[in-house]
Amino acid sequence: MHDIAALEAVLRGALAGVAGDREIVIVAVMPAGQPDQTGRPVLSKREREVAGLVRKGLTNQQIARRLGITSHTVNHHLRRIFKKLDIVSRVQLAALEVPEWVG
């Protein structure tokens with residue numbers, strides 16, 4: 001993780017005099033797939049939904065119908081999930097001991 005205090009100090013120094021007396025709000029956006037503060041992969045809400053339905057045994061077509069998306073989009077979500085969880089198949093996904101944050 002980056003040292004947030006150091007980043008904040010750099011930004012405040014760079015912005016000194018720009019804001020005057022106004023408050024400056026600094027927002028950091030974590031790229032998708034990067035681990036959170038606990039080190040676990042960050043899955044999007046939709047990825048968690050897809051993972052949960054895969055773990056229940058639904059096919060891509062069944063997942064697509066249930067979520068109102070195409071089976072191609074389900075496949076895209078699965079590829080991203082596999083990459084984030086460092087797995088290669090839905091069988092591995094179903095076999096994982098997965099906490100509630102995955103689905």
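Quantities reported herein were computed from a predicted structural model and do not represent experimental measurements. Along the sequence shown, residues carry numbers from 1.
At a threshold of 4.5 Å between non-hydrogen side-chain atoms, the residues L96 and Q92 do not count as touching. Contact check for V88 versus F82: no side-chain heavy atoms found under the 4.5 Å cut-off.
Note that the CG atom of L53 and the NZ atom of K56 stand 6.0 Å from one another [nearest 0.5 Å]. To the nearest 0.5 Å, atoms CZ (R80) and CZ (R46) are separated by 14.0 Å. To the nearest 0.5 angstrom, K83 atom NZ is 15.0 Å from L78 atom CG.
Ion pairing of R66 with E49 is absent here, as no side-chain N (NZ or NE/NH1/NH2) approaches a carboxylate O to less than 4.0 Å.
The minimum heavy-atom distance between V42 and K84, with the atom names listed, is O-NZ, 3.0 Å. When all heavy atoms of R48 and L43 are compared, the closest pair comes out as NH1-O, 2.7 Å. A pairwise comparison of heavy atoms in R90 and V54 identifies NH2-CG2, 3.6 Å as the closest pair. Nearest heavy-atom pair across S71 and A64 is N-CB, 3.6 Å.
In summary, of the residues considered (L93, L58, I81), a side-chain contact (heavy atoms from CB on, under 4.5 Å) with V50 occurs for I81 alone.
Heavy-atom neighbours of Q61 CD from other residues, nucleotides or ligands within 6.0 Å: at or below the threshold of 12.
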Step by step, would you call H77 with I63 a side-chain contact (heavy atoms from CB on, under 4.5 Å)? CA-CA 11 Å; H77 287 305; I63 294 169; over 6 Å; no

